[in-house]
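Here's the structure, in structure tokens; my notes come after.
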Amino acid sequence: MALHKTRIASLIGVALLAFGGTCATANASGDARPWMNPKLSPDQRAELVLKAMTQDEKFRLIRVDFGDTENGHVMAPGALGSAGYGPAIARLGLPAIQESDAGLGVAKPHKLGATALPSGLATAASFDPAVAYAGGAMIASEAHRRGFNVMLAGGVDLVRDPRNGRNFEYAGEDPLLAGLIAGNAIAGIQSQHLVSTIKHYALNDLETDRTTLSANIDRAAARESDLLAFEIAIATGKPGSVMCSYNRINAVYACEDDWLLNQVLKHDWHYPGFVMSDWGAVHSGAKSALAGLDQESAGETFDKEVYFDQPLRAAVASGEVPQSRIDDMAQRILRSLFAAGVMDHPATQSTIDFAADRKVAQRAEEAGAVLLRNQDALLPLSAAQSVAVIGGHADKGVLTGGGSSAVQSPQGNAVPGLAPTEWPGPRIYQPSAPLAAIQQRAHGTVSYASGEDIAAAAKLAAQAKVAVVFVEQWAAESFDVPHLALPGNQDALVEAVAKANPHTIVVLENNGPVAMPWLDRVGAVLEAWYPGAAGGEAIARLLYGEVDPSGRLPVTWPRDESQLPRPAIPGAGLAAIGLPPQGQPAQDVDYNIEGADVGYRWYQRKQLEPLFPFGYGLTYTHFDYSSFVPHVANGKVTASFTVTNRGARAGVDVPQLYVTLPGSNRVRRLAGWCRVSLKPGQSVHLTVNADPRLLVDFDGKSQRWQQPAGDYQLQLGHSATSFQGESKLTLAAAAWAADASPAGVPQPCVADRTL
Ligand code: BGC
């Protein structure tokens, strides 16, 4: 059974009275608080606090309570009605820990509302770290103005399966892209003086039976795929906390996995922050603490017991867990709070400029929507055309994914009452109606049909110059969708509309790739993901060419389930939305099938032709590459080339550098890219750096990253399967130890000059 936020918190009231109440009312001792000196380093400041702490205070810091009231949960007086709350330690001047979900905006309390970013996949599709940073800063500024100081964001689990119910929270299938996008989102969040998490560490790549499922994978393959995304994101964004996940990895629970937490994260990556558990992911006290878990989240509500209280105290008393470990846990938490500026810039309630924040969400959607098809330049639309708008509640708003990350607008849910209304619902729509935004732009007639009556919708479509059909797929945390088909009768709706009107445009609001049996019969398809707070406006602006579609797919789009490494997910589904789970959920998932060859690499290895490749996306213009020259200097690989806008409109291009390592049976890897805006006819000369972390393999035996000597193939791609520029470089062998990965954030692209 998937854990959710409705279990009764029988202990929460008692716990808060025992600890929170006392601490919150205790007087400051009057001593100077030397740790409040901002000139000291976060480590020095944490150490000073630690010296002043009692054992009870340390034990209070290493667990956080559920911060919500659902189903009669007793909420502590100071809690804000969100995911987590740890009472202030007033004696030491430590503020309450106030944790808010999640990566797409402030999820709770629903009734207050917040600005929703589009899906994480939309941000990833922008291939633009600046878009990710701006989105992170925007949602964190809202969180700070609501009084939160920890944001449970930074979703970076790789998309190994397009049916995973939480793909919309993540950043795609490629470790470099996902790592840089999530890392920049985290940096944006922490710029607002909140601690951000990165989650769900690791391999929580499916939701079905997520609390017990074992993700089985060779450790070296994990290092080169899912863990590499975390490694890059952590190096880039420096999140204060890492959230360990529900699932097991090679049979060991992630939150008690010494290899994952102590060896990889804290030793090899030198991670100085703290590991918090996911809600209900802790199964032991001493074992978890010794494996590297630093803070138990909402154990009184979601775990079998509060392991990081009495059981852990007993383990310290018996000598099973050394006191130094408890001190380390507290030190890490304090360090992250200081590093993010939580003490120096306390979160306080203040007003939010929702209009400005909505623009940030709009820009992210405009940068991340992907134009998948555009026959005979059907798009952009012209204002003179009459339009039939059909389906997808386009008269009311745009869809949002469900679960703990779901954000409701301050204006409320545009389509309330749709199933499921309970966890992992409610199903939320942002009040940004595409219909209204189209009406503002069209001079011709704009009509609307809900699509429930297919014949009526087709009739309406026949009367208009163009038909825009909105189709949707709701997905959420806690379940996976069992197949790629769009739910309900939407395929039949598109078929009927396309038959009635050859100028049919389909707009997808979805978790990710879906089957499109009607693809050849429609004129255009725009992948809008879950489009966020201003999704309606963004979609209309894209359709009318006020902004050029510039997103590129951060995931491979399969033709059907047979192309996936695991064609079925036993037990996937959710009865409440008409997809009752079929079969028994597996307790093991074999990720060794694809290993590190996730997404486009799997397709190349198996010589499969997807429907749309990774990195693919059309624009209203087209681009040409020339003068492709790779270089190697001091062991660093770069490639220079010229991009020219050959069309009649301005547009944005994303040239992608792929590298294939020497040896047989190798597949290409994305090693860098550029995102560049060009006027019609304009050219630019660019240099892209190949990230060194993509030129190496992990050798489990020697625990080293190794760059084999030999010929490296470099390809300049419009996508992962279409190239214009190809060359070879010979590299010498190189290697570094697992704990000596190159530091620093790569600069993936430099514009040398405009030609
Ligand atoms: C989710 C996390 C979330 C936490 C707190 C869990 O169910 O997996 O992503 O941050 O709940 O709401």
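Order of appearance sets the numbers: ligands from 1, and atoms from 1 within every ligand. Because the structure is a prediction, the values reported are computed rather than measured.
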For ligand 1, which atoms, with element, lie under 4.0 Å from some heavy atom of [X]?
{"X": "A83", "value": "5 (C), 12 (O)"}
{"X": "M243", "value": "10 (O)"}
{"X": "K199", "value": "2 (C), 3 (C), 9 (O), 10 (O)"}
{"X": "R166", "value": "1 (C), 2 (C), 8 (O), 9 (O)"}

Nitrogen or oxygen of W423 less than 3.5 angstrom from that of ligand 1: no
Ligand 1 to D278 polar contact by distance, N or O atoms, under 3.5 Å: yes
contact_flag E477 ligand 1 heavy-atom lt 4.0 Å: yes
Pairing residues for V407 by the side-chain contact (heavy atoms from CB on, under 4.5 Å) criterion, not counting sequence neighbours: A114, A116
Ligand 1 versus R210: contacting region, heavy-atom distance under 4.0 Å: side chain
Residue part near ligand 1, for K108, under 4.0 Å between non-hydrogen atoms: neither
Donor-acceptor pair between H200 and R210 side chains, under 3.5 angstrom: no
Check: N510/E527 side-chain N/O donor and acceptor closer than 3.5 Å: yes
Pair F302 + F66: ring centers closer than 6.0 Å: yes
Residue pairs involving residues 271-306 (criterion disulfide (SG to SG under 2.5 Å); sequence neighbours excluded): none
Lys/Arg-Asp/Glu bridge criterion (N-O < 4.0 Å) met for E169, R166: yes
Pi-cation contact, F274 with R335 (under 6.0 Å, within 45°): no
